[in-house]
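These notes are about the structure you will find just below.
Every number for a ligand or one of its atoms is a count from 1 in the order of the listing.
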Amino acid sequence: MIQGLPASDGIAIGKAFVLPNWEWEMPEQLIGVGDLALEFERLYEGVKRSKHEIHKLKTEMDETVGAEESGIFAAHLAILDDPVFMNEIKGIIQRQYKAAEVAVKEAIDHFVTMFDLLDDEYMKERALDIKDVGNRLLKHLLGVPEISLPLDAQPFILVVRELTPSQLIHLKPEMVLGIVTMVGSPTSHSAIMSRAFGIPLVMGVEGKLPAPIETGDLLIVDGRSGYVHINPSAETVIRYSELRQRETETRERLQQLALVPSVTPDGMTIELAANISSIKELDAAIGNGAHGVGLFRTEFLYMDRSRFPSEEEQFEVYRQAAEKLQGKPLTIRTLDIGGDKQLDYFDLPEEDNPFLGYRAIRFSLNRKDLFKVQLRAILRASVFGNVQLMYPLIASVEEVREANALLEEARLELVAEGVACQEKIRTGIMIEVPAAVAIAELLAEEVSFFSIGTNDLIQFTLAVDRMNEHIGHMYEPFHPAVLRMLKTVVAAAKRHGVQVNICGEMAGDVRSMPIWLGLGIHELSISAQSILSVKETMLRTNAQESRFLMDELFAYRTAKEIRERLERFHAEEAIAQGHIRPGI
Ligand code: PEP
Ligand code: MG
């Protein structure tokens, strides 16, 4: 067994199909002066065929997955129209008397080497695009066939050095059970597409393989943990088959709860909303019965492109999301860039402690020009649904006031321009900095709701970097300090009639349900995949008993005691509601 980077969830079991590298034989000899016109003609014909093919793929993808993913093919078309790329090819033909395919190959190598040398993930991705589209052009010039699928036409696990989006499309997603790549990052276009297709993907296994994977090898790909088993034992196959079967059954069973209200047996409701990073996640959220969106991480809208998104582009996305939700709340968090979330096209300063640095609301308040664009887009979308606004990483009252002043300025501008927007958009803040907890009373007077971002709040409360694997075991949601932080925020909010929601990962951990019930949280915002299992837990957890349990939890001195008590409580509630029979 080896471990790579988990990039798309799920378990795949099947035979490997190792995609050969596209390395073709190139003619050696030079062309004569008289053949120049012919070579140009061949080149144009190849470009024409490639474009035709890309258009077709783009249309197919628009219909199956959506315009967001098919954008990659628009980028490929742009490369074929790019005078710099095309002039490089033509120059090689004209000045060096080389055949069109040789010129294309040399141009690809030239640009790929140039982009690869840059220490910039975005440019490396562009190098992959050039390779991808260049290979398509080469294929037409050389008249070689498409990648041939395994002869038996059985679905397979694709093993490839570096996956390109058009390879994925060519291989027909329904044929691909899972994917293993030698290199690549989970933020690449192909990883994004694999997730959209629901294909388990493990990346970056190069250097970990004891021997190369061969076509026909039996593989198990576990996209959640990043494990890949090569020619596993019969017991391992049975274990994973059972696991996969259980995952399917659980999904089917839980699906029946989608329309069931999220209420405890003794009548307490906590709304279950979804965290999303893009509009395409909305369908899954709505399908799982989400009460709305409690956290729209808008930074991904900024990350998946080569420049800041315009007001119009943002407005379109927010409007569509608001409309799709049909009156259910859409909580748009303003840009939370910095820390581990960087923009390829905008150089944030190098920082020793980026999580404590120039990020989130700090960036927005420093770049009010960009911030205003986002606020205007949100305000404009506010008339198309139930839109609320949320600022990340708030640490002071001044920050809220400054952001709100800009919001009002943006609103007045829109009014003056005669553009429709809500007069009073509901505005809240993320509570994720200990300072915000300490002044929760003061902040509560400025906003309509709090959303506790436990991911950051835990790391800052415990001084444990959430990205550092050496101290990962110290990142403890059930630390007594964290419980006290939560209690302080809720108490302050209640005194001021401010609603409190939770939107960090801790909200999706079913063990914490009695904490939310005991504290009286209004809404949990979690990934679409967790909504149903959290609801199932809520349906069998008694709110009154949860309140009693809180007193006990606050008496414990260690995280271990709290965790164990919660686990016991969880089991006891399951038994009490007849989900588990004692002794089993
Ligand atoms: C959080 O910090 O809990 C949160 C939801 O924000 P993010 O994970 O995007 O930092
Ligand atoms: Mg956060």
Legend entry - contact_flag Met430 ligand 1 heavy-atom lt 4.0 Å: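 Yes; Met430 lies near enough to ligand 1 that a heavy-atom distance drops under 4.0 Å.
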Legend entry - Salt-bridge criterion met for Asp509 and Arg511 (N-O under 4.0 Å): yes
Legend entry - Pair Glu323 + Arg319: basic N to acidic O under 4.0 Å: yes
May I ask you to list the atoms of ligand 1 that are less than 4.0 angstrom from any heavy atom of [X]?
{"X": "Gly504", "answer": "3 (O)"}
{"X": "Asp456", "answer": "1 (C), 2 (O), 3 (O), 10 (O)"}
{"X": "Leu295", "answer": "5 (C)"}

Inset, instruction - Return yes when at least one N/O/S atom of Asp336 is nearer than 2.8 Å to the Mg ion (ligand 2), and no when none is. - result: no
Inset, instruction - For ligand 1, note which part of Arg333 has a heavy atom under 4.0 Å away: side chain, backbone, both or neither. - result: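 Side chain only.
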Legend entry - Shortest reach to atom 5 (C) of ligand 1 by a heavy atom, considering only Glu299, Arg359, Arg297, Met506: Arg297
Legend entry - Sole candidate of Thr488, Ile439, Thr461 that passes side-chain contact (heavy atoms from CB on, under 4.5 Å) when paired with Pro434: Thr461
Legend entry - Glu432: its N/O/S atom lying closest to the Mg ion (ligand 2) (atom name):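 Atom name of the closest N, O or S in Glu432: OE1.
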Legend entry - Proximal heteroatom of Asp456 relative to the Mg ion (ligand 2) (N/O/S):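 In Asp456, the heteroatom (N, O or S) nearest the Mg ion (ligand 2) is OD2.
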Legend entry - Over all atoms of both residues, closest heavy-atom pair of Thr298 and Gln374: OG1-NE2, 3.0 Å
Legend entry - Shortest protein heavy-atom distance from atom 1 (C) of ligand 1, along with the residue and atom involved: Asn455 CB, 3.4 Å
Inset, instruction - For residues Phe363 and Phe346, establish whether the separation of their ring centroids is below 6.0 Å. - result: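 Between Phe346 and Phe363, which both carry aromatic rings, the centre distance is below 6.0 Å.
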Inset, instruction - Could you check Arg362, Arg359, Arg297 and say which one makes a salt bridge (charged side-chain N to carboxylate O under 4.0 Å, His left out) with Asp336? - result: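 When Arg362, Arg359, Arg297 are each tested with Asp336, the salt bridge (charged side-chain N to carboxylate O under 4.0 Å, His left out) holds only for Arg359.
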Inset, instruction - Start with the C-alpha distance between Ser525 and Asn275, add both sets of side-chain angles, then the distance that settles side-chain hydrogen bond (donor to acceptor under 3.5 Å, both in side chains), and finish with yes or no. - result: CA-CA 6 Å; Ser525 192; Asn275 289 349; 2.6 Å; yes
